[in-house]
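See structure below.
Remember, it's a predicted structure, so these values are computed and weren't measured experimentally.
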Amino acid sequence: MAEELTPETPENESDRTAEAEGTEEPIKQRKNGLYPEVSDELAESMKSGWADTELHGLEPIAQAAHTERRRAALSARFPGERLVVPAGNLRTRSNDTEYPFRASTEYAYLTGDQSHDGVLVLEPTADGHEATVHLLPRSNRENGEFWLDGQGELWVGRRHSQAEAAQLLGIAAEDVRELPRKLREATGPVRVVRGHDAGIESALTDKVTAERDEELRVFLSEARLVKDDFEIAELQRACDATARGFEDVVRVLDKAEATSERYIEGTFFLRARVDGNDVGYGSICAAGPHATTLHWVRNDGAVRSGELLLLDAGVETSELYTADVTRTLPINGRFNELQRKIYDAVYEAQEAGIAAVQPGAPYRDFHDAAQRVLATRLVEWGLLGDLDVEKVLELGLQRRWTLHGTGHMLGMDVHDCAAARRETYVAGTLEPGMCLTVEPGLYFQADDLTVPEEYRGIGVRIEDDILVTEDGNRNLSAALPRQAGEIEEWMARLKG
Ligand code: GLY
Ligand code: MN
Ligand code: MN
């Protein structure tokens with residue numbers, strides 16, 4: 001039963017091979033048993049009468065030359081070793097329904113493909129590696145799989161044949177159901193990207209070590225620190241779609257006031273699905289005091305005139321690059337005096353942070369610059385007793401209200417390159433082609449007795465996506481206004 005060609009859970013790992021060897025067995029019934037058995041006559045009828053839909057002469061995907069270069073870099077780092085990079089498997093939500101699938105970043109980065117169960121293997125050769133992508137084949141029509149199995153093409157849509165995939169990706173393609181057996185039988189050093197495909201990992205269990213596999217993961221994380229032209233264009237696309245999503249939200253704020261934060265989440269999600277693949281992370285639609293909860297994704301609260309909305313959301317493009325943008329907006333279109341004072345401090349901190357994003361600068365500079373501005377304002381406002389700014393920064397006392405780092409690398413993952421070593425990332429140096437968020441914030445919790453009552457429940461974050469260029473930086477999310485007066489004008493225009 002081909003349903004088990006794709007393990008239902010990562011733990012259910014060995015089915016893929018077992019079933020690959022059993023595909024001659026005809027399927028007589030849908031697996032859940034709710035449908036009557038298939039008569040021999042119907043089974044026979046379903047085998048034939050279908051047109052040949054094989055596609056020929058396909059053009060390679062737009063990023064084929066880029067993925068080839070990325071694979072070449074990987075090959076050069078691990079000569080003589082077999083490298084295994086899985087896309088991941090479907091995960092069951094309940095019974096025969098699955099969660100939406102998103103291919104692993106490592107697999108998509110190296111192939112441009114997003115098929116579940118796909119596995120890229122770089123096989124060592126005398127002068128490098130030969131790449132093969134292992135994929136689920138077209139559904140078997142002889143044994144009924146294509147219409148009786150829940151993952152048959154008649155249910156879930158046509159897959160590319162191996163020949164088609166090879167033309168599109170520029171990589172030889174084989175049947176993934178044979179791969180676990182081949183990996184078990186193969187000899188020589190091998191590494192696998194862990195955490196995506198338990199079946200593949202199980203086939204390699206006696207041949208790999210956690211330490212060596214981690215080196216592979218670290219390399220692939222660090223390889224993505226500097227983006228190529230294709231990636232930069234994708235990040236710009238993600239930011240542009242995100243800007244449209246924020247505009248959509250402003251236009252429907254009255255509907256959100258009549259319902260809840262969910263209206264904002266749904267509105268942004270519509271834009272993400274129409275203009276891209278998905279949201280790049282759960283949208284944070286935090287109205288009023290929810291803005292002080294850094295990752296407020298329940299989004300089930302009230303949206304009230306007079307309060308602020310902190311919207312942190314990003315569209316992920318169809319090629320899986322995400323934006324990560326935050327705007328803090330007055331729900332009625334006008335900041336009050338205190339909201340504006342706090343907003344302006346965060347804006348000033350962000351300006352200082354963005355200015356520090358320069359090629360050759362230590363990565364930490366933008367964080368330090370933003371923290372200094374925020375600490376200065378907090379001292380001025382009398383929230384830190386009679387300590388001076390230097391002492392506050394030395395002790396990190398401003399962090400009671402600034403809470404988080406001022407940014408992070410951005411790319412296919414919202415917190416991109418997370419496995420990179422300290423010396424190449426947080427303790428490293430900015431280079432042209434790196435893309436990072438600059439996102440200072442101030443958060444006064446509703447129950448914080450150390451601040452005046454009127455501050456409590458106010459949270460402000462401003463977040464933009466900044467590309468390091470040869471001579472400075474470029475704000476990829478500059479289509480959205482940031483300065484308080486410009487925010488008010490923009491909202492007035494959109495609300496009509
Ligand atoms: N959206 C999560 C973050 O800003 O890091
Ligand atoms: Mn964010
Ligand atoms: Mn962020």
Would you say E211 has more than 12 foreign heavy atoms packed within less than 6.0 Å of its CD? no

Can you check whether M434 reaches Y363 side chain to side chain, under 4.5 Å on heavy atoms? no

Backbone of A313 reached by a side-chain donor or acceptor of Y281 within 3.5 Å: yes

Validation row: L216, L74 side chains within 4.5 angstrom (heavy atoms): yes

Only one of R217, R422, R421 passes salt bridge (Lys or Arg N to Asp or Glu O under 4.0 Å) with E222; say which it is. R421

Under 3.5 Å, is there a donor-acceptor pair linking the side chains of E234 and Q63? no

Identify the heavy atoms of H129 and F78 that sit nearest to each other, and give their distance. CE1-O, 3.0 Å

Determine yes or no for a side-chain-to-main-chain donor-acceptor pair under 3.5 angstrom, with S139 supplying the side chain and E153 the backbone. yes

CZ (F366) and CD (Q358) are apart, to the nearest 0.5 Å, by 13.0 Å

Grab the two heavy atoms, one from L135 and one from A173, that are nearest each other, plus how far apart they are. CD1-CB, 4.4 Å

Between H408 and D324, is there a side-chain donor-acceptor contact under 3.5 Å, judged purely by atom types and distance? yes

Pairing of R244 and E247 as salt bridge, 4.0 angstrom limit: no

Measure the shortest side-chain to side-chain distance between F219 and L83 over non-hydrogen atoms and say whether it is less than 4.5 angstrom. no

If you apply the rule salt bridge (charged side-chain N to carboxylate O under 4.0 Å, His left out), what do you find for R461 with D312, and how did you get there? CA-CA 9 Å; R461 177 162 68 252; D312 180 345; 2.9 Å; yes

With a 4.5 Å limit on heavy-atom distance, are the side chains of N89 and D197 in contact? yes

Rounded to the nearest 0.5 Å, how far apart are NE2 of H290 and SG of C285? 12.0 Å

Minimum heavy-atom separation for A356 and A369, please, with both atom names. CB-CB, 4.3 Å

Check whether any side-chain heavy atom of V193 sits under 4.5 Å from a side-chain heavy atom of P86, and report yes or no. yes

Salt bridge check, D464 against R327: does any charged N sit closer than 4.0 Å to a carboxylate O? yes

If the threshold is 4.0 Å, N to carboxylate O, is there a salt bridge linking R71 and E68? no

For the pair R364 and Q371, evaluate side-chain contact (heavy atoms from CB on, under 4.5 Å) and give the outcome as yes or no after the intermediate values. CA-CA 11 Å; R364 282 191 202 287; Q371 290 288 303; over 6 Å; no

Non-hydrogen side-chain atoms of L320 and R102 separated by less than 4.5 Å: yes

N/O donor-acceptor pair under 3.5 Å between K207 side chain and R184 backbone: yes

Could you walk me through whether Q151 and H116 satisfy the side-chain contact (heavy atoms from CB on, under 4.5 Å) test, starting with their C-alpha distance in whole Å, then the side-chain angles of each, then the deciding distance to 0.1 Å, before giving a yes or no? CA-CA 11 Å; Q151 285 303 315; H116 62 80; 3.8 Å; yes

Any salt bridge linking D416 with K227? Criterion: basic side-chain nitrogen under 4.0 Å from a carboxylate oxygen. yes

Criterion salt bridge (charged side-chain N to carboxylate O under 4.0 Å, His left out) on R298 and D300, from CA distance to verdict: CA-CA 6 Å; R298 287 182 226 157; D300 58 357; 5.8 Å; no

Does any donor atom in the side chain of S477 or N475 lie under 3.5 Å from an acceptor atom in the other side chain? yes

Can you confirm whether E130 is buried at CD, in the sense that more than 12 heavy atoms of other residues, nucleotides or ligands lie under 6.0 Å from that atom? no

Under the salt bridge (charged side-chain N to carboxylate O under 4.0 Å, His left out) criterion, do E231 and R224 qualify, and how do the steps go? CA-CA 9 Å; E231 297 183 285; R224 303 199 316 275; 5.8 Å; no

How close do H160 and A165 get, counting heavy atoms only, and between which atoms? CB-N, 4.2 Å

Donor-acceptor list for residues 265-274 side chains, cut-off 3.5 Å, not counting sequence neighbours:
unit_1	atom_1	unit_2	atom_2	d
E265	OE1	N299	ND2	2.8
T267	OG1	Y263	O	2.6
R271	NE	D248	OD2	2.7
R271	NH1	D275	OD2	3.0
R271	NH2	D248	OD1	3.0
R271	NH2	D248	OD2	3.2
R273	NH1	N277	O	2.6

E81/R212 salt bridge by N-O under 4.0 Å criterion: yes

As an exercise, state the distance from CG of L310 to CD1 of I462, rounded to the nearest 0.5 Å. 9.5 Å

Any donor-acceptor N or O pair under 3.5 Å, side chains H196, E106: yes

Looking at every heavy atom in both G80 and P189, which two are closest together, and how far apart are they? O-CG, 3.6 Å

May I ask you to check whether D127 and T125 show a side-chain donor-acceptor distance below 3.5 Å? yes

Is V190 close to V84 at the side-chain level, that is, under 4.5 Å between some pair of heavy atoms? yes

Got a salt bridge between E201 and R194, using NZ or NE/NH1/NH2 to carboxylate O under 4.0 Å? no

Evaluate the criterion salt bridge (charged side-chain N to carboxylate O under 4.0 Å, His left out) for residue pair K47 and E44; output intermediate values, then yes/no. CA-CA 5 Å; K47 285 181 189 175; E44 202 52 36; 3.3 Å; yes

Atom pair NE2 (H66) and CZ (F230), whose distance is rounded to the nearest 0.5 Å: 7.0 Å

Can you tell me if CD on E423 sees more than 12 non-hydrogen neighbours from other groups inside 6.0 Å? yes

Does Y443 have its ring centroid less than 6.0 Å away from the ring centroid of H404? yes

Whether over 12 other heavy atoms sit under 6.0 Å from R158 CZ: yes

Using modelled atom types and a 3.5 Å cut-off, is there a donor and acceptor pairing between side-chain atoms of E470 and backbone atoms of P432? no

Could you grab the distance from atom CD1 of I466 to atom CD of Q350, nearest 0.5 Å is fine? 6.5 Å

Measure the shortest side-chain to side-chain distance between D213 and R191 over non-hydrogen atoms and say whether it is less than 4.5 angstrom. yes

Exercise: do T132 and E123 side chains pair donor with acceptor under 3.5 Å: no

Would you please test V468 and N473 for side-chain contact (heavy atoms from CB on, under 4.5 Å) and show each step? CA-CA 4 Å; V468 183; N473 69 57; 5.6 Å; no

Residue pair R177 / P137: nearest heavy atoms and the distance that separates them: NH2-CG, 3.3 Å

Cation-pi check, R70 onto Y109 ring (under 6.0 Å, within 45° of axis): yes

Test log, rule side-chain contact (heavy atoms from CB on, under 4.5 Å), inputs L430 and L436: CA-CA 10 Å; L430 294 180; L436 53 147; 4.0 Å; yes

Do other residues, nucleotides or ligands put more than 12 heavy atoms under 6.0 Å from R69 CZ? yes

Starting at CG of L235, measure out to OG1 of T317 and round the result to the nearest 0.5 Å. 7.5 Å

